[in-house]
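To keep things clear, I will list the structure first and then write my remarks on it.
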Amino acid sequence: MTDLASALADVSPAVWGILSALAFGTADFLARFTSRKIGHFPALFIVLVLGASVFVPLLLLQNSREWSAHGLIYVGLHGVLLAGAMALLYLVLARGPINVVAPIIAAHPAFIILIAFVSGSRPSAMQWLLMLAILVCIGVITRIVTNRANESAIHNSSEYFRRTLWLSLATSIVYALNVVAAQRAVVINGEIATVAIGHCFAIGALLFVREIRYAYASIPFKWWGVLLFQGVLNAAGMLFLFAGSFGLFPEVTALLSSEFSVVTILLAAIFLRERMTVLQLLAVVGVFTATGYLSLI
C-alpha cells in the first residue's frame, strides 16, 4: 500500500484533477442521453450500483476499524443527499440547455460558503465579493435564456426554461448540502468508507422510487453499454480524485476536478452545437473563474 501511495504521489496533482474532471464531465454529458432514454432515476441507479461495486470492495480491503453512530449518521445523510443531488442533476441535464444548467450547478461552492456562514463561520470580504460575482453571472445567463424563450414560437417555452432554471438552482443547493455532509463524514470515517457506504445509502433511497422497478426490461441492449460506460467514468472520476490526495497539494486536484462542468459544456458545444452569445460566454467564464478562486481561499 505504501508503494502504491508513493507511486500515486509521484504524479502531478494537476494531472489527477484534469483526469477527474474529464471523467466526471463526460459521464454527466452521457447522463443527458441516458436520462432521456430510460429516465433519470433508472440511469442513476445503475451508475450508483457500479460505483458501489468498485468502492465497497476497496473498503473491505482496508484494515478493520471501529464505527461511530455519529459518523454513520453523516454518511447516511451524505448518501441520501447524493441520491437527491444526482437525480436532480440528471433531470436538468436531460432538460437542458447544458450551457445554462451546468454553470448554475458549478456555482455550488458559493452555497457551501453560505451554509458555513449559517453554521457560524464568517466569510472574508473576498469570499463575499466572489459569491456576489457568481450570482451576477448566473443572473446574466438566466436573463439571456429567458429572453430567448420569450422570443421563441414554442408554446410555453418561457415557463419550461424558468422551471429548468429553478431546478438547476435546487440541484446546486442540494449538491452543496451533500458536499458538506460528506466533508463531515470523511473526518470521522475516511474517504473510502464515506463514499462506499454513502453509495449504499443512496441506492437504498432510490429503491423507494417506483420508476426504477419497471424500467430495465425495456432498455435496448445497445444502451446498456452506454450506461456501463457512464458508470465506469463516474467511478473513475472519484478514483482519480482519491489518487490526487496522496500528493503534496491535494487541493489542486480537488479544484481542477470541481470544474467538470467545463468539460460537459464543451462536449455540448461540439456534439449538440449549443451556441452562446458573447455576453453569455463571458458570464460562464466568470462563474468558473470565481468558483475556482473561491475553492482556493
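These numbers come from a predicted model, not from an experiment.
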For F33, give me all partners under ring pair (Phe, Tyr, Trp, His ring centres under 6.0 Å), at least two apart in sequence or on another chain.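 With sequence neighbours excluded, F33 shows a ring pair (Phe, Tyr, Trp, His ring centres under 6.0 Å) to F29, given in chain and number order.
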Taking side chain as C-beta onward, heavy atoms only, is [X] less than 4.5 Å from [Y]?
X    : Y    : answer
L281 : N99  : no
R163 : R95  : yes
L132 : W128 : no

Give the minimum heavy-atom separation between [X] and [Y], together with the two atoms involved.
X    : Y    : value
L233 : A27  : CB-CB, 3.9 Å
I98  : L272 : CD1-CD1, 4.0 Å
T171 : A85  : CG2-O, 3.8 Å
P97  : F161 : CD-CE2, 3.2 Å
L88  : L167 : CD2-CD2, 4.2 Å
A235 : F55  : O-CZ, 3.8 Å

Distance, nearest 0.5 Å, that separates [atom1] of [X] from [atom2] of [Y]:
X    : Y    : atom1 : atom2 : result
N178 : Q183 : CG    : CD    : 9.5 Å
L93  : S261 : CG    : OG    : 8.0 Å
L177 : L77  : CG    : CG    : 8.0 Å
M86  : L91  : CE    : CG    : 13.5 Å
I115 : F117 : CD1   : CZ    : 13.0 Å
S168 : Y175 : OG    : OH    : 14.5 Å

Should F24 and M238 be marked as a side chain to side chain contact (heavy atoms under 4.5 Å, CB included) after you check the CA-CA gap, both sets of side-chain angles, and the distance that decides it? CA-CA 8 Å; F24 280 138; M238 189 64 68; 4.3 Å; yes
Identified side chain to side chain contact (heavy atoms under 4.5 Å, CB included) counterpart of V92 within the set V101, I104, V100, L169: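 Result for side chain to side chain contact (heavy atoms under 4.5 Å, CB included) with V92: V101.
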Would you say the ring centroid of W224 lies under 6.0 angstrom from that of F229?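 Here the rings of F229 and W224 have centres that are no less than 6.0 Å from each other.
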Between F201 and H78, does the ring centre distance come in under 6.0 Å?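 Ring-ring flag for F201/H78: false, centres at least 6.0 Å apart.
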Find out if a path of hydrophobic residues (ILVMFWY) with successive side-chain heavy-atom gaps under 4.5 Å connects [X] to [Y].
X    : Y    : answer
L22  : F271 : yes
V209 : L82  : yes
V136 : I105 : no
V80  : V180 : no
V118 : F111 : no

Expected list for residues 34-46: side-chain donor-acceptor pairs under 3.5 angstrom, two or more places apart:
{"residue": "T34", "atom": "OG1", "partner": "L30", "partner atom": "O", "Å": "3.3"}
{"residue": "T34", "atom": "OG1", "partner": "A31", "partner atom": "O", "Å": "3.4"}
{"residue": "T34", "atom": "OG1", "partner": "Q230", "partner atom": "OE1", "Å": "2.8"}
{"residue": "S35", "atom": "OG", "partner": "A31", "partner atom": "O", "Å": "2.7"}
{"residue": "R36", "atom": "NE", "partner": "A94", "partner atom": "O", "Å": "2.7"}
{"residue": "R36", "atom": "NH2", "partner": "A94", "partner atom": "O", "Å": "2.8"}

Has the side chain of T194 got a donor or acceptor atom that lies under 3.5 Å from a matching backbone atom of A182?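 Checked: no pair found.
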Which is it for L241 and W16 under the side chain to side chain contact (heavy atoms under 4.5 Å, CB included) test, yes or no, and what are the steps along the way? CA-CA 6 Å; L241 185 59; W16 293 123; over 6 Å; no
Show, in sequence, the C-alpha distance, side-chain angles and deciding distance for N234 and L50, and conclude whether the side chain to side chain contact (heavy atoms under 4.5 Å, CB included) test is met. CA-CA 9 Å; N234 201 73; L50 285 169; over 6 Å; no
Under the side chain to side chain contact (heavy atoms under 4.5 Å, CB included) rule, what do N189 and I197 come out as? Steps first, then yes or no, please. CA-CA 10 Å; N189 300 312; I197 301 176; over 6 Å; no
